[in-house]
Number of protein chains: 2
Amino acid sequence: MDVQRAIQLLQHEGYKVTKPRENMLQYFELEDGYRTAKDFMAFTEGNYESMSFDTVYRNLHLYHYLGILEATELDGEKHFRMNCMSDHHHHFICKDCGGTKKIPICPMDEIEKILTNYEIEGHKLEVYGVCPLCKSA
Amino acid sequence: MDVQRAIQLLQHEGYKVTKPRENMLQYFELEDGYRTAKDFMAFTEGNYESMSFDTVYRNLHLYHYLGILEATELDGEKHFRMNCMSDHHHHFICKDCGGTKKIPICPMDEIEKILTNYEIEGHKLEVYGVCPLCKSA
DNA sequence: TTTACAAATCGGAACCATTCCGATATAATG
DNA sequence: CATTATATCGGAATGGTTCCGATTTGTAAA
């Protein structure tokens, strides 16, 4: 997912395309890993005119709802990153830099066989640790 | 893990065995699923003499650190349950009642093969939904 | 058993991420 | 350009969690 496609999606769904929204999309397009609302706010200080936390959170939720961002929870803070969207996969997440690496394995097929009569609404598979780059630094 | 074994562990590690700590252990032994600090506080109202949030959180962390409780994050609140400890497994978690069902599948062996050079510190595999009991209710 | 002290508890204040709110500004439409 | 629903803003409120100084309590030693 890139900025342009996200903007098209906003328009198509009847949401307005505003400066704050564009700024947020640009930020998450450039960042590699999971980032928080605070990360973004800190970034705006030096780059865009500053923006209300309310606006940031509202749009994070909107982007998550629209599938533009994917979300996870680390140390009591919500983290977001651009959604790759194409193929279903999971992530290794680096605790130091927030960077991710795709894990193309998902055991849900087997799990569904076990959970007969259960209504499955979602699942999470994440691996945490330190990436090679942060390890050597 | 049962109350008695948890108390032995506390003593062995040099922690004091106090009333609040025993009450908490008893609560989590009887409960089936994931429970929050607030859940426990609500329970104490009618059962034990009430207890400070500080104490509850401090001991929840201690129990998690000692492996007495396992933890997860649901809707911005930390949830805890007694640790089964014996065999490595994951959980289906019911969004309604917090109850769990074991999932004896773990894809970490395969994943470790992919993540060479990565320092793996932990992983999470959880399935969310509604259990048969809550579904029919 | 009594003493002594480190460790644990308590209640309330503080913290921090997140959300709510009323007032203002702005993108989209005709 | 005028209209209007939608979005933004700043500041106040919320809710889960943690911190703090004062007090209490297990536990080990005398």
Side-chain angles (χ1 to χ4, degrees), chain A residues 3-4 6-27 34-45 47-66 68-69 71-81 98, chain B residues 3-4 6-27 34-45 47-66 68-69 71-81 98:
Chain A
V3 171
Q4 201 184 346
I7 287 176
Q8 284 170 5
L9 187 58
L10 280 177
Q11 287 173 327
H12 182 262
E13 297 294 322
Y15 295 98
K16 290 182 182 172
V17 177
T18 65
K19 256 300 167 33
R21 282 181 178 162
E22 284 183 304
N23 292 345
M24 289 179 67
L25 289 173
Q26 277 166 28
Y27 173 76
Y34 277 100
R35 300 287 179 260
T36 66
K38 204 170 32 166
D39 288 336
F40 173 72
M41 290 299 271
F43 178 75
T44 60
E45 303 293 319
N47 293 272
Y48 311 119
E49 53 212 294
S50 75
M51 166 177 332
S52 160
F53 266 105
D54 187 43
T55 303
V56 174
Y57 281 110
R58 194 161 15 78
N59 287 329
L60 286 175
H61 291 160
L62 176 64
Y63 290 162
H64 182 51
Y65 169 72
L66 293 175
I68 294 169
L69 297 180
T72 191
E73 231 279 349
L74 304 169
D75 299 320
E77 261 183 294
K78 270 156 205 150
H79 289 60
F80 299 86
R81 56 160 288 153
Chain B
V3 170
Q4 202 183 347
I7 287 176
Q8 285 170 4
L9 188 57
L10 279 177
Q11 288 173 328
H12 182 263
E13 297 293 322
Y15 295 98
K16 292 180 180 171
V17 178
T18 65
K19 259 291 170 37
R21 279 182 179 162
E22 285 184 302
N23 292 345
M24 288 179 67
L25 288 173
Q26 278 167 28
Y27 172 77
Y34 277 100
R35 299 288 179 261
T36 66
K38 206 171 29 167
D39 288 336
F40 173 73
M41 290 297 273
F43 178 74
T44 61
E45 303 294 318
N47 294 272
Y48 311 119
E49 53 212 297
S50 75
M51 164 177 335
S52 159
F53 266 107
D54 187 44
T55 303
V56 174
Y57 281 112
R58 195 161 14 78
N59 288 329
L60 286 175
H61 291 162
L62 176 63
Y63 289 161
H64 182 51
Y65 170 72
L66 293 175
I68 294 170
L69 296 180
T72 192
E73 230 278 350
L74 302 169
D75 297 321
E77 259 184 295
K78 271 156 202 150
H79 289 60
F80 299 86
R81 55 161 289 154

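Letters go in sequence order (proteins before strands), and every chain restarts at 1. No hydrogens, no waters, no symmetry mates; every other heavy atom, side chains included, goes into these values. Since the model is a prediction, treat every value here as computed from it, not as a measurement.
Residue whose closest nucleotide on DNA chain C sits further toward the 5' end, between A:Ala37 and A:Gln11: A:Ala37.
With rounding to the nearest 0.5 Å, the separation of CD in A:Glu73 from CG in B:Leu74 is 10.0 Å.
For the pair B:Leu10 CG and C:dA6 P, the interatomic distance rounds to 21 Å; values are reported in whole Å. We find that CD1 of A:Ile7 is positioned 13 Å from C1' of C:dA27, with the value rounded to whole Å. Distance NE2 (A:His64) to C1' (C:dT19): 17 Å, rounded to an integer number of Å. Summarising the geometry, the separation between CZ on B:Phe53 and P on D:dT14 is reported as 16 Å, rounded to the nearest angstrom. Atom pair B:Met41:CE and C:dG12:C1' shows a separation of 13 Å (rounding to whole Å applied). Rounded to an integer number of Å, the gap from CG of B:Leu60 to P of C:dA8 is 15 Å. B:Glu77 has its CD atom 14 Å from the P atom of C:dT18, to the nearest Å. A:Phe40 has its CZ atom 17 Å from the C1' atom of C:dA17, to the nearest Å.
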For residues 7-18 of chain A, dump all side-chain donor-acceptor pairs below 3.5 Å to protein atoms at least two apart in sequence or in another chain.
residue : atom : partner : partner atom : Å
A:Thr18 : OG1  : A:Arg21 : N            : 3.3

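In the set C:dA28, D:dT18, C:dA17, C:dA17 carries the atom at the smallest distance from any side-chain atom of A:Tyr57.
Within the 4.5 Å cutoff, side-chain heavy atoms of A:Tyr48 are placed close to those of A:Gln26.
A:His61 has a side-chain polar atom (N or O) that falls below the 4.0 Å cut-off from OP1 or OP2 of C:dT19.
Ring geometry, B:Phe53 versus B:Tyr57: the interplanar angle falls under 30°, so the pair is classed parallel (tilted spans 30 to 60°). Between B:Tyr34 and B:His79, the ring planes lie perpendicular to each other; the angle is over 60°, past the 30° to 60° tilted range. Ring geometry for A:His64 versus A:Phe80: interplanar angle over 60°, hence perpendicular rather than tilted (30 to 60°).
Over its full length, the helix from C:dT1-D:dA30 to C:dG30-D:dC1 turns its helical axis through 30°, comparing axes from the five pairs at each end and rounding to 10°.
If you check the side chains of B:Thr36 and B:Asp39, you find a donor sitting under 3.5 Å from an acceptor.
Counting heavy atoms of neighbouring residues, nucleotides and ligands inside a 6.0 Å radius, atom CD of B:Glu45 exceeds 12 of them.
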Going 5' to 3' along nucleotides 2-9 of chain D, which nucleotides have protein heavy atoms under 4.0 Å from the base (write B), which only from the sugar-phosphate (write S), and which from neither (write -)?
---BBSBB

What do the steps show when you test A:Tyr27 against A:Arg35 for side chain to side chain contact (heavy atoms under 4.5 Å, CB included), and what is the final call?
CA-CA 10 Å; A:Tyr27 173 76; A:Arg35 300 287 179 260; 3.5 Å; yes

